[in-house]
There are 2 protein chains.
Amino acid sequence: MPHLALLIRRLRSATQLGEDDIAAVRALPLQVKAVEPETPIALEGDRPHACCIIVNGFAYRSKLTESGKRQILSFHIPGDIPDLQSLVLKTMDHDLVTISAATLAFIDHADLSRLIDTHAAVARALWRETMVDAAMFRERILNLGVRSASARMAHLLVELRQRLAEVGLVEIDDKEYRFPITQSALADALGLSTVHVNRVLQEFRSQRVLDIRKNLVKLIDVEKVVAAGEFDPAYLHLIDNSRPG
Amino acid sequence: MPHLALLIRRLRSATQLGEDDIAAVRALPLQVKAVEPETPIALEGDRPHACCIIVNGFAYRSKLTESGKRQILSFHIPGDIPDLQSLVLKTMDHDLVTISAATLAFIDHADLSRLIDTHAAVARALWRETMVDAAMFRERILNLGVRSASARMAHLLVELRQRLAEVGLVEIDDKEYRFPITQSALADALGLSTVHVNRVLQEFRSQRVLDIRKNLVKLIDVEKVVAAGEFDPAYLHLIDNSRPG
DNA sequence: CGATTAATTGAAATGGTTCAAGTTATGTGG
DNA sequence: CCACATAACTTGAACCATTTCAATTAATCG
């Protein structure tokens, strides 16, 4: 599979791209790299000269507090460009790190800039990506601000399944998916302690709602998980632009 | 003062805009409207046909939970385009409401689209706005996920002062600023109960760190507030692009 | 001036944390 | 492939930051 296949698929599903746009994206010079788990792609304060597309594997964005606590801001899956912002904002305001072993494709800022300047539709599509990114952050704020520990966990796990489905990495009504997350990472993403994550998880397990075992997330009773997380995919804006403005 | 003065000031401070770009922005047809406090500008599910620039007054973005709880996602000040996303994502995934009486300038999506298509630098500047927006959401996630009630409050209040200073609405080292926020709104923004906001506020007051009274936010001891909120303005990317990429 | 909204208070309850230990996996070098 | 080291997960008990409930007081406004 070509390295940019998932990205292109996502961009096309959301915006109208002409054949020349697609061709220009495909023609981007890539530097492909295989990396270990827990490899920092870019760290807070860095000024990267390239953006990274996740071809294979997973990554997370995180921020550290002065007192050393880590907040995981988002998880990223194949097809994502998690550091697109470095093209425009120059300095990283958070860390980007792989979770699993991963294949990354780097596009030089210069090349990406040129593409954007010459292909307005691509620029628009990438702007849209940034906006969906922001929308997911907003939902995460809602999660942390008003929802209980169990609701947060359920929400996050359904969102991940939804996003994996979007790029075709799970069937849309598959109940389980592979995702290499530890309870401690989950805790840092949900703003909870590992101990509590463990207990919430046990409760879900015993109620036969969901389970996480060895990198395998099982939504045993999808309806219950969706309900527990109050999950409504509207904020992912999956089909938005298919309707006229 | 022209309606777009603050917006243009912000865009220029961050990106290189040519005279023709500025002129094109200034030439945008505006529909200016004065509105009451608590006026919904756009609600979740709406498909607006215009974007709104805050000329005067304040607004907030919020999201409701199924169980009726409100999370305030962000506050907005003059010069902001808080619903820029409606141009690209079409459907609102949250509410946008004025706090105070406000003056709003609406730009039709069609006009804005045309501007973007013809002026790449403006497109880039607006993309940048979206990215800073996302960066502020990330910081809010950090706030809600790892910081204590008092740290959250301090952080939010310093951020607001910083942003007001950025558009020249307060002097950079002014200790106080007008902002019409109730304790209950503050609670919804910070993911706390009103009762607790009240108590945290009293503690700050008695320690002579900060105070909020009648729409006037006083950072009595700015250093202490900054320290309490672990505030580092890097995420606002104020001067980022002045350095070479 | 009465009515509504915002701020304040106290007491009891709780969701989640912390600490400290133990157990189960996972991976690695010999 | 076993033995050991390390990371991940699990458990119990005490604690505490924050919530909830239910009033009361203070502002604001027509």
Given dA7(C), is OP1 or OP2 found less than 4.0 Å from the side-chain N or O atoms of N198(B)?
no
Side-chain donor-acceptor contact under 3.5 Å, E44(A) with Y235(B)
no
side-chain hydrogen bond (donor to acceptor under 3.5 Å, both in side chains), that's the test. Do S62(A) and R70(A) meet it? Break it down for me.
CA-CA 7 Å; S62(A) 68; R70(A) 175 178 70 160; 5.5 Å; no
Protein-nucleotide distance (Q183(B), atom CD; dA7(C), atom P), rounded to Å
5 Å
Which atoms form the tightest heavy-atom contact between T194(B) and S184(B), and what is the distance?
CG2-CA, 3.1 Å
On DNA chain D, reading 5' to 3', which nucleotide is the first and which the last to sit with an atom under 4.0 Å from a heavy atom of chain B, could you check?
dT18(D) to dT28(D)
Quick one: which of dA20(C), dG16(C), dT8(C) gets closest to the side chain of V195(A)?
dA20(C)
Assign L192(A) to base, sugar-phosphate, or nothing according to its heavy-atom contacts below 4.0 angstrom with the strands shown.
sugar-phosphate
Apply the test side-chain hydrogen bond (donor to acceptor under 3.5 Å, both in side chains) to residues N198(B) and Q202(B): give CA-CA distance (whole Å), side-chain angles for both, the deciding distance (0.1 Å), then the verdict.
CA-CA 6 Å; N198(B) 183 276; Q202(B) 283 181 56; 2.3 Å; yes
Base, sugar-phosphate, or nothing: which does S193(B) touch, judged by heavy atoms less than 4.0 Å apart?
base
Verify the distance criterion only: is there a donor paired with an acceptor across the side chains of S86(A) and H109(A) at less than 3.5 Å?
yes
Just distance, no hydrogens or angles: give the donor-acceptor pairs under 3.5 Å from side chains in residues 212-231 of chain B, sequence neighbours left out.
residue: D221(B); atom: OD1; partner: E223(B); partner atom: N; Å: 3.4
residue: D221(B); atom: OD1; partner: K224(B); partner atom: N; Å: 3.2
residue: E230(B); atom: OE1; partner: T65(A); partner atom: OG1; Å: 2.9
residue: E230(B); atom: OE1; partner: R147(B); partner atom: NH1; Å: 3.0

Given axes from five pairs at either end, by how many degrees does the helix from dC1(C)-dG30(D) to dG30(C)-dC1(D) bend, rounded to 10°?
50°
Can you see if the side chain of K214(A) gets near the phosphate of dT26(C) - specifically, an N or O under 4.0 Å from OP1 or OP2?
yes
Heavy-atom distance under 4.5 Å between the side chains of Q71(A) and D188(A), does that happen here?
no
Just to be sure I understand the rule, does T194(B) reach a base, reach only the sugar-phosphate, or reach nothing, if contact means heavy atoms closer than 4.0 Å?
nothing
Near-ring test F58(B)/F179(B), centroid separation under 6.0 angstrom:
yes
Rounding to an integer number of Å, can you tell me how far L186(A) CG sits from dG16(C) P?
14 Å
Rounded interatomic separation in angstrom, taking CZ from R213(A) and P from dA25(C)
8 Å
In plain terms, say whether D211(B) and K175(B) are close enough for a salt bridge, that is, a side-chain N and a carboxylate O under 4.0 Å apart.
no
Base of dG10(C) paired with side chain of R199(B) (donor-acceptor, under 3.5 Å):
yes
May I ask you to verify if any side-chain N or O of Q202(B) is less than 4.0 angstrom from the OP1 or OP2 atom of dT9(C)?
yes
For R152(A), answer base if it contacts any base atom (sugar-phosphate contacts may also be present), sugar-phosphate if it contacts only those atoms, and nothing otherwise; contact means non-hydrogen atoms under 4.0 Å.
nothing
In whole Å, I'd like the distance from the CG atom of N215(B) to the P atom of dA6(C).
11 Å
